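Everything numeric in this text was worked out from a predicted model, so none of it was measured. Whatever order the structure lists them in is the order used to number ligands and atoms, beginning at 1.
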Amino acid sequence: MFMLNKLFQKIQIDIKSSKNIECLETLRIKYLGKKGIIANYMQKLQLLSLHDKKKNSIIINEIKKKIIIEIEKKNIFLKEKLLQERIKNEKIDISLPGRRMHNGSLHPITHTINDIKNFFYELGFKIKHGPEIEDEYHNFDALNIDKNHPTRDSQDTFWFDSNRLLRTQTSSMQIRIMKKDKLPIRLLVPGKVYRNDCDATHTPMFHQVEGLIVDKNISFSNLKWIIYNFLYSFFSTSVSIRFRPSYFPFTVLSAEVDIINKKGQALEILGCGIVHPKVLKNVNIDTNIYSACAFGIGIERIAMLRYGILDIRSFFENDLRFLMQFKNI
Ligand code: DAH
């Protein structure tokens, strides 16, 4: 009992002299912590007789309560002191200019897709989106790309298993829509496509816009009209465009379109053609009545040409210095 009273006096002195919250916390742990002095006293009670144990445990608990109260009082005092010091020292200069908030803006690829959508929307095209995880049937088989056709390899596809893959082209949506929608069809499908390729002109993910028209008497001249008008509107006036014969398994009369730049270099920007009768038959469209034309535009390609970007990877590096340039377009 005498010992404890002395101890309490010492604690009071310690609390009084602790200058900050950290010192006070150290004191609290020293006296009240799991392995602290009070806990130690409690443990020693085990050695006493039942009567003494009872008597002393009451005394120890009383002292413990007092210590808690003293520490709490000091804690409140120190916090208040700290606050007063901060109020005294910290000044707010209300004449300083505020921090500017920077608004986000659309990514140049989104801008480009929006421009394309607007053009075709005005021509009566429906805009649809399709699944990025495709199956072999829609991505290849139904598009007349035969099992051993090199396209399946050369496109270096990301396969999930023997049937499912990340779509390599938005053309897969031609099949889904022709199977479902009523004729005639005017369709535009923007979206992401995936191929295992990466250098200054290729990224493993890029964007395409697929266009499809199914109607009576659709011919190559309809396709040419649309492509010319779109490209002149997209690049404004002075671009030189070239249709070059090409081959796609799902079109017969196939072409690629190049833009000829100021140095006379040709840059391929899209593939197009008259949809192969086999593809139309795959989706039960009567080829005696209907014909179709289609095109697939590489979005990054035309965005690079429009904005003078040399490396396709800059679109996806999230460098704000690059992105900020497109803030006000
Ligand atoms: N899907 C082709 C590609 O990714 C591009 C393409 C070519 C789309 C001809 C078409 C088309 O719709 O008719 O290379």
Side-chain angles (χ1 to χ4, degrees), residues 113 116 120 125-132 134 136-146 149-158 165-179 185-197 201-215 218-228 230-231 241-259 267-280 282-283 285 287 290-302 312:
I113 293 177
I116 299 172
F120 285 97
F125 280 67
K126 270 192 191 157
I127 293 154
K128 298 218 169 155
H129 298 271
E132 286 171 31
E134 258 303 0
E136 194 179 21
Y137 172 78
H138 290 94
N139 199 86
F140 294 122
D141 298 344
L143 286 164
N144 197 35
I145 303 173
D146 123 353
H149 196 283
T151 322
R152 298 197 192 219
D153 263 338
S154 71
Q155 289 187 335
D156 244 359
T157 306
F158 294 109
L165 62 144
L166 284 174
R167 69 176 174 195
T168 62
Q169 49 184 353
T170 41
S171 305
S172 54
M173 271 298 277
Q174 286 190 23
I175 305 300
R176 290 187 180 276
I177 296 299
M178 286 195 289
K179 276 205 158 167
I185 291 172
R186 279 180 198 192
L187 168 76
L188 195 80
V189 184
K192 294 185 173 74
V193 296
Y194 301 85
R195 294 178 198 176
N196 196 358
D197 234 346
T201 51
H202 298 89
T203 45
M205 182 284 297
F206 60 101
H207 298 78
Q208 285 187 336
V209 168
E210 190 77 14
L212 172 72
I213 307 174
V214 189
D215 209 335
I218 290 296
S219 72
F220 202 78
S221 50
N222 297 118
L223 180 65
K224 242 180 146 176
W225 185 91
I226 275 195
I227 301 281
Y228 266 122
F230 164 65
L231 292 175
I241 299 166
R242 177 174 78 184
F243 271 77
R244 178 168 40 80
S246 183
Y247 170 76
F248 299 102
F250 40 93
T251 46
V252 50
L253 257 203
S254 306
E256 278 171 297
V257 174
D258 300 327
I259 296 278
L267 297 150
E268 180 209 321
I269 51 160
L270 65 87
C272 61
I274 294 297
V275 178
H276 200 297
K278 269 196 188 165
V279 175
L280 297 182
N282 283 342
V283 291
I285 288 179
T287 50
Y290 288 100
S291 51
C293 68
F295 54 87
I297 308 172
I299 309 280
E300 280 77 2
R301 285 278 168 91
I302 57 172
I312 191 173

Sub-4.0 Å heavy-atom contact, Met173 with ligand 1
no

Regarding Glu210 and Gln174, do their side chains bring together a donor and an acceptor under 3.5 Å, going by distance alone?
yes

Under 4.0 Å from a heavy atom of Arg195: which atoms of ligand 1 are those, numbered in the order shown and with their elements?
3 (C), 4 (O), 14 (O)

Name all residues meeting the side chain to side chain contact (heavy atoms under 4.5 Å, CB included) criterion together with Ile274; count only those two or more places apart in sequence or in a different chain, and write none if there are none.
Phe220, Leu253, Cys293

Distance from Leu143 atom CG to Phe248 atom CZ, nearest 0.5 Å?
12.0 Å

Can you figure out which of Gly296, Ser172, Gly211, Gly271 has its heavy atom closest to atom 7 (C) of ligand 1?
Gly271

Going by the order shown, which atoms of ligand 1 are within less than 4.0 Å of some heavy atom of Gly273?
13 (O)

Proximal atoms of ligand 1 relative to Phe248 (non-hydrogen, under 4.0 Å)
7 (C), 9 (C)

For ligand 1, which atoms sit closer than 4.0 Å to a heavy atom of Gln174?
12 (O)

In short, Val257 meets Cys272 closest at the heavy-atom pair CG2-SG, 4.4 Å

Are the side chains of Val279 and Ile175 in contact, using a 4.5 Å heavy-atom criterion?
yes

For ligand 1, is there an N or O atom under 3.5 Å from any N or O atom of Ala294?
yes

Between Phe250 and ligand 1, find which residue part has any heavy-atom pair under 4.0 Å and reply side chain, backbone, both or neither.
side chain

Would you say ligand 1 has an N or O under 3.5 Å from any N or O of Gln208?
yes

Taking only heavy atoms of Thr251, which atoms of ligand 1 are found under 4.0 Å from at least one of them?
13 (O)

With nothing but distance in play, are any N or O atoms of Glu210 less than 3.5 Å from an N or O of ligand 1?
yes

Atom NE2 of His138 and atom NZ of Lys179: how far apart are they, to the nearest 0.5 Å?
5.5 Å

Results of ring pair (Phe, Tyr, Trp, His ring centres under 6.0 Å) for Phe230 - residues two or more places apart only:
Phe119, Phe120, Phe234

Is any side-chain heavy atom of Val209 closer than 4.5 Å to one of Thr170?
no

